[in-house]
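Notes follow once the structure below has been shown.
Just so it is clear: chains get the letters A, B, ... in the order the sequence lines come, proteins before strands, and each one is counted from 1.
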2 protein chains.
Amino acid sequence: MATPLPPRRRPTMVDVAARAGVSRALVSLVFRGQPGASAETRSRVLAAAEELGYRPDSAARLLARGRSRTLGVLMTVREPFEADLVEAIYPEAERLGYEVLLSARTPGRDEATAVEGLLAHRCEAIVLLGPDVGDAFLTELGARTVAVVVGRAAPGLDSVHSADAEGVRQAVDHLVGLGHRDVVHVDGGTGPNAAARRTGYLEAMAAHGFGGRARVLPGAYHEDAGIAAAQALLAGPELPTAVLAANDRCALGLLDTLRRNGVDVPGRVSVVGYNDDRLARLSHVDLTTVRQDAGLLARHAVRAAAARLDDPDLEPGETELTPELVVRGTTAPPGVPGGALAADVAP
Amino acid sequence: MATPLPPRRRPTMVDVAARAGVSRALVSLVFRGQPGASAETRSRVLAAAEELGYRPDSAARLLARGRSRTLGVLMTVREPFEADLVEAIYPEAERLGYEVLLSARTPGRDEATAVEGLLAHRCEAIVLLGPDVGDAFLTELGARTVAVVVGRAAPGLDSVHSADAEGVRQAVDHLVGLGHRDVVHVDGGTGPNAAARRTGYLEAMAAHGFGGRARVLPGAYHEDAGIAAAQALLAGPELPTAVLAANDRCALGLLDTLRRNGVDVPGRVSVVGYNDDRLARLSHVDLTTVRQDAGLLARHAVRAAAARLDDPDLEPGETELTPELVVRGTTAPPGVPGGALAADVAP
DNA sequence: TCGTGTGACTAGAGCGCTCTAGTCGCTCCG
DNA sequence: CGGAGCGACTAGAGCGCTCTAGTCACACGA
């Protein structure tokens, strides 16, 4: 008995109800998993739905229900750390009974457009990933809907981020503990959190009594900045024994350029990144870095959104998670051949 | 005259209509940009909407309109090539008047779930990125909705992909042109398109009269496979002078491992990737690779979806784009010190 | 015998839009 | 002067659901 496919029309509840010989309301009931239908009827409805290839229309469902129970996520394709976040958002949202809609910010599509799309789809809350969202934009958005920012502090909004100064301090402690004295920081420029990381570095150096040796190189949150910084270091009078990069991508550029120029890492120079994104963990990179736990950040963000949704009068809060240093293969005590090699490399 | 914000309720057309002193229908008309409203009324409506912070609810709009004009995109966060595709899909979709909804396949969220979400949101067509979608899944999906697969051929569905054998041939031609005789292929294992690339390689080698020297190493589409292949080569009796990797990620692992073991690339061994994703283009990678034009693939995919939507009776078609070799810094003529170095490296 | 539960089911009013089929005043023409 | 034509606007049905307020049959205790 082949299913008589209606022309092209997508089957609705009415079709299922007719086929199962029950009312529309009963079908709705079954699909919402509510009590009130006998086991026998329930399975008959389900079978009818299956035969027709019926699936509930979430537009209609959204409309009829007051709430959409949908979370919008603003992301950047291509940022490995955000990918980690997205992966972690899905399960937590599901656990709390929310659907997730993704919208990407790209070079040709700004945040406003991306968010507009999410809002039009009735997202109850927006989770903004990545710190490169404008401040003015944020406050305006916060006034209009529930918004949670992941990766940086946001005044007047819910935000989840890690304690950057603390993370940097751990990295400096680790390097100093290994015996390093000349630790250079390649910073994140004007990027968000860059100031916090920079300050954290300076303070940590001072705390160890190396305030005078602290040295900050201008950088940014991408590979090219790392490459440029490495070239600057190679051209300088003497290589430091350790470099603390603004983030993992910057560290990667740095690492690669140093090695290509015959500098042994970690033998001659130790390198530390920040974020612990997937790239850092790859076996051929094996970067010592400061981990921001993407899973934890994501869970907190989703919960914050849900909490605000449950109680709109809740004060927006800032959640600061403690980052954790992950020691891998790019750090070691300053090498014995250090001085000699430095001389070799320096002009 | 402050806007008297209603408790929390999102404003609707009725609110706007009341404020502007017109009917609901007129507001709808204005928002759809249809003729039939005087310029004066139009701006009055727009002003009222602005004051109330009204934005049309796309769930309701979707429901009322027959069509959703929404394209669903199934993607994998974290695959650089897919990021390129997504970035290119947005503008083309907008050009054709479609919205885009993203849904990610993650380790904990399979394709079926991701697609289900898109379908529930009334996407008219689904664009599936990345070739790791199951075949059975595809045919079932194709029967249910308009689906376009990007990155591989798909029987009975619209698909857009590049001519893999041709791309590989270009790579082999390039290497042979440089003087290489011993070109090894690290393949993509059972991965999609891997067979096509493998065959392309074997045929190209044969065409140059080197069929007997052709050598395929088992691999996969990720960095670890490249690392393993490099280790196998290093452990072997003699290094080839060139390696053609299954894709860029594989090439990256290969590249890194070779260099770490003191093998000069491209001096001693040339390496070629496949895809030309962003990573390959980074200045510190600078990989010679076969480009699949993400922008072109994306545009074709979106257009194919739109075309099928306009005319459901259209035969599904396979679009094959010609890939193009991009010569960068990882290929060079086989080095003079080749033989000697090979002996050095071999045990 | 009647209430009074209770479990299984249904009727019908929305949700916020779109869209068809109007109505209402005008101007213009024969 | 009557109506055709037109621009500006409105009424109201309907999209596919959810949800409240039922109805109906049946068992059970007093």
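Under the salt bridge (Lys or Arg N to Asp or Glu O under 4.0 Å) criterion, B:R55 pairs with A:E116, not counting sequence neighbours. Annotation: side chain to side chain donor-acceptor pair (under 3.5 Å) contacts of A:R122 (sequence neighbours excluded): B:D57. Checked against salt bridge (Lys or Arg N to Asp or Glu O under 4.0 Å), B:E124 has the following partners two or more places apart in sequence or in another chain: B:R67. Every residue two or more places apart in sequence or in another chain that forms a salt bridge (Lys or Arg N to Asp or Glu O under 4.0 Å) with A:R44 is listed here: A:E40. Annotation: salt bridge (Lys or Arg N to Asp or Glu O under 4.0 Å) contacts of A:D110 (sequence neighbours excluded): none. Partners of A:S38 according to the side chain to side chain donor-acceptor pair (under 3.5 Å) rule, which considers only residues two or more places apart in sequence or in another chain, are A:T41. Every residue two or more places apart in sequence or in another chain was checked for a side chain to side chain donor-acceptor pair (under 3.5 Å) with A:S159, and none qualifies. Applying the side chain to side chain donor-acceptor pair (under 3.5 Å) test to B:S28 and every residue at least two apart in sequence or in another chain returns B:R32.
A rotation axis mapping the C1' atoms of four pairs onto the next four is fitted at both ends of the helix from C:dT1-D:dA30 to C:dG30-D:dC1 over five pairs, and the angle between these axes is 70° to 10 degrees.
Other residues, nucleotides and ligands contribute over 12 non-hydrogen atoms within 6.0 Å of the CD atom of A:E320.
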For nucleotides 23-28 of chain D, which of its nitrogen or oxygen atoms have a protein nitrogen or oxygen under 3.5 Å away, and what is each distance?
none

Footprint string (nucleotides 14-20 of chain D, 5' to 3'): B base within contact, S backbone only, - free, heavy atoms under 4.0 Å: BBBBBB-
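Applying the ring pair (Phe, Tyr, Trp, His ring centres under 6.0 Å) test to every pair with at least one member in residues 28-60 of chain B, sequence neighbours left out, gives these pairs: B:F31-B:Y54.
Residue B:S23 places no side-chain N or O under 4.0 Å from the OP1 or OP2 atom of D:dA11. Residue A:T41 places at least one side-chain N or O closer than 4.0 Å to OP1 or OP2 of C:dC9.
In this structure, A:S58 reaches neither bases nor backbone, as no heavy-atom distance under 4.0 Å exists between it and the strands shown.
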